[in-house]
Amino acid sequence: MTQLQVLPGLQEMVDSLVKIVTSRTFLEIVIFPGLLNVLLSVAFLTWLERKIIARVQLRIGPLYAGIWGVLQPIADFVKLLFKEMISPELADVKLLMLCALGLMMLAAAPIVTIPFGEAFVIANMDIGLIFVFAVMSLFPSVLLLIGWGSNSKYSFLGGLRSLFQQVAYEIPMWLSVLGIVMLTGTLNLAEIVRAQQKVWFVIPQVLGFAVFFTAALAELERTPFDLPEAETELVMGWMTELSGAAFMVGFMAMYTKFYVMSALITTLFLGGWLGPAIIPEPIWVVLKTFLVAVVIVTIRGTFPRVRVDILLRTGWMRLLLLALVNIVVTVILIWLGLGWVWRV
Amino acid sequence: MPDMIFLALSAVVVASAVFALEAKELIYGTIGLGVSLVGVAGLFMLLGAEYLAMFQVAVYVGAVVVLILFTIMLVRRESGRIVDEEEPASFGSVGIYVAALVALAVAGAVILLAPVSPVAPEFYQVQLQDLGRSLAASYGVALVILGLVIGAAVVGGLTLVKIDREEKPSGTTE
Amino acid sequence: MALGSWSLVAIFELVILVTTVSLLAFGWLMGAKGKNPIRDAPFESGQTRLGEARLRYMMQYYPYLIMYVAFDVIAMFLFTWGLVFATLPFAQEYLFLIFVAILVVPLWYALHISGRRDLW
């Protein structure tokens, strides 16, 4: 008799598990715009980058893995999984693994607040923008720990450079968005997109857009700010001593951050899911995000690298001043009575 | 339900703080401090102060812990271990008694002075707009003075570093 | 209830955690194994390891970290203020502008110093 009593409890559990797994939220988290979207976009971004850089440099890029080399990221993925995860002597392997894991979790976190449609956001937070900032502010410490934990000169120097670079460009990035916050009066990313129905923020906040874009390039450690990863100087910067699956996780984290930052630029300045209704809203977001990504990749192929002290000084002095000027411009806009255009 | 989360967060805060104190490597201790501060941010969120929790993470874990880490990594001896900590705390040390006294006093105050309510207090989420308006209205001048203080702190910090470097490549004027 | 969004964030982070840990575990188990001292040496472009790795590299940029802490706190107040800016009476809007203007002073000072020493 006792055996039959176990079964109803199990049945309930299975029922509730099935209900959770097929609920819209869970599907959103795991498929789109969550995990699967992030993984596929990261793979696509690596392919896109290699193709565009190749064309800029008058080469062809990946060609053999699938049509136009589209399956190249899959090939890299499989290859890296089977490579040896070299644990260097003197390095703190547990710390490295933990930090690589933390990096991936931090990089993917902001995607929950980015709206992919009118009611299509995983977690509609009223302080969504500040959540993104808080998550981004945790990156420098993790990079510093990876650089230090590797106990190798290239890694440590790369980690330090990453730390200072990202710390320097964090503040201009935040202050450049303050103009948008002042115009819309909300920190909710979905509301910010809805406020752009008449005019996208890239037009009145063109200075803020320029500052945010530049600071985002520095946060992503992409050329012209890729000094922490300067291949001719530091091999791979803080990633030098990671190999195999750990390197893959670190690499994925970098490109996840790239994807999330592009999506953030789209949401804040380019109108998110707004556009003519012929194309469904999530596709608009994806299209605009990849447009931003293409621009960023082309910039990588075009510009030389910036020296470290110029880099830090530009971030702290010039970009900060421009962000403050943007705030003053926004104040003037509001005083001229134009604030109603973006009020939801 | 909030009680369980509260207990879990408090356990995280206390446990990581203890770990931060007892860790052999200073770096691990700092990571423990970071985890503890994130736990405190979680406690802020339970109290309804989401905005404060986010900036707690951004300022403390994102800036102060980074500062501590940087200082430890660059200004220390070879191994990072505290060599002179061989002696464990003996029962004659004053610290334990002071800590026990403080704990008793706080516990007594909480038990005696807190109102006995069988119902959990209502969860109130602080509205950020109200916070902003009241900050601007009642504390506007105080915030400007705060800006002056922080500006002075930054200028002071820069000046301190300036004086430290005695070795100048060429004779620069002050 | 606002706590609902945070549990979604937690679930998402859990999903990412599970994925990444399984990738790392797979790599650890299936990866090639060849522990010998040459492979495990830290990378120094072919030479054997020479000297300590954790030296005092970028010490001269320490003030930037101090400035980061200060401006982080200021950003907190700026966002609180800026959120309700459009609804404030004029006097408080002027206060906001004065606050922003005060911030320019340490920036100007840092710019002034950085122009006069070549260690910055």
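Chain A is the first sequence line, chain B the second, and so forth, proteins listed ahead of strands; every chain is numbered from 1.
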Undergrad: Check whether C:F79 gets within reach of chain B through its side chain, its backbone, both or neither, counting any heavy atom under 4.5 Å.
TA: both

Undergrad: Can you tell me how far CG of C:L83 sits from CG of B:L135, rounded to the nearest 0.5 angstrom?
TA: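 Nearest 0.5 Å value for the CG-CG distance: 11.0 Å.
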
Undergrad: Heavy-atom pairs under 4.5 Å with chain B: which of C:T87, C:I98, C:V105 has the most?
TA: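 Top option by heavy-atom pairs under 4.5 Å: C:T87.
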
Undergrad: Let me know if C:I102 has heavy atoms under 4.5 Å from chain B in its side chain, its backbone, both or neither.
TA: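 The answer is the side chain of C:I102.
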
Undergrad: Select one option (side chain, backbone, both, neither) describing which atoms of C:L95 are under 4.5 Å from chain B's heavy atoms.
TA: both

Undergrad: What are the two closest non-hydrogen atoms of C:F99 and B:G147, and how far apart are they?
TA: CE1-CA, 3.5 Å

Undergrad: List the steps and the verdict of side chain to side chain contact (heavy atoms under 4.5 Å, CB included) for C:Y62 and B:T71.
TA: CA-CA 9 Å; C:Y62 191 80; B:T71 313; 3.4 Å; yes

Undergrad: Sort B:Y60 into side chain, backbone, both or neither according to what part of it lies under 4.5 angstrom from a heavy atom of chain C.
TA: neither

Undergrad: Only pairs of heavy atoms separated by less than 4.5 Å count here; which of C:F85, C:F96, C:F77 has the most with chain B?
TA: C:F77

Undergrad: Quick one: of B:L148, B:L143, B:I145, who has the most non-hydrogen atom pairs under 4.5 Å with chain C?
TA: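 Of B:L148, B:L143, B:I145, B:L143 has the most heavy-atom pairs under 4.5 Å with chain C.
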
Undergrad: Let me know if B:A153 has heavy atoms under 4.5 Å from chain C in its side chain, its backbone, both or neither.
TA: neither

Undergrad: Do the side chain of B:Y51 and the main chain of C:M76 share a donor and acceptor less than 3.5 angstrom apart?
TA: yes

Undergrad: Closest heavy-atom contact between C:D72 and B:F55?
TA: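 C:D72 and B:F55 have their closest heavy atoms at O-CE2, 4.3 Å.
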
Undergrad: State the OG1-CD distance between C:T80 and B:Q129, to the nearest 0.5 angstrom.
TA: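 The OG1 atom of C:T80 sits 11.0 Å away from the CD atom of B:Q129.
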
Undergrad: In Å, rounded to the nearest 0.5 Å, how long is the span from OH of C:Y61 to CZ of B:F70?
TA: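 Atom-to-atom, C:Y61:OH and B:F70:CZ are 10.5 Å apart.
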
Undergrad: Minimum heavy-atom separation for C:P106 and B:V154, please, with both atom names.
TA: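 Taking C:P106 first and B:V154 second, the nearest heavy atoms are CB-CG1, 3.7 Å.
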
Undergrad: Calculate, to the nearest 0.5 Å, the distance between atoms CD1 and CD1 belonging to B:I150 and C:I74 respectively.
TA: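 Between B:I150 CD1 and C:I74 CD1, I get 4.5 Å after rounding to 0.5 Å.
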
Undergrad: Using a cut-off of under 4.5 Å on heavy-atom pairs, state which of C:I66, C:V69, C:V84 scores highest against chain B.
TA: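 Of the candidates given, the most pairs with chain B belong to C:V84.
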
Undergrad: Using non-hydrogen atoms only, which part of B:A152 is less than 4.5 Å away from chain C: side chain, backbone, both, or neither?
TA: neither

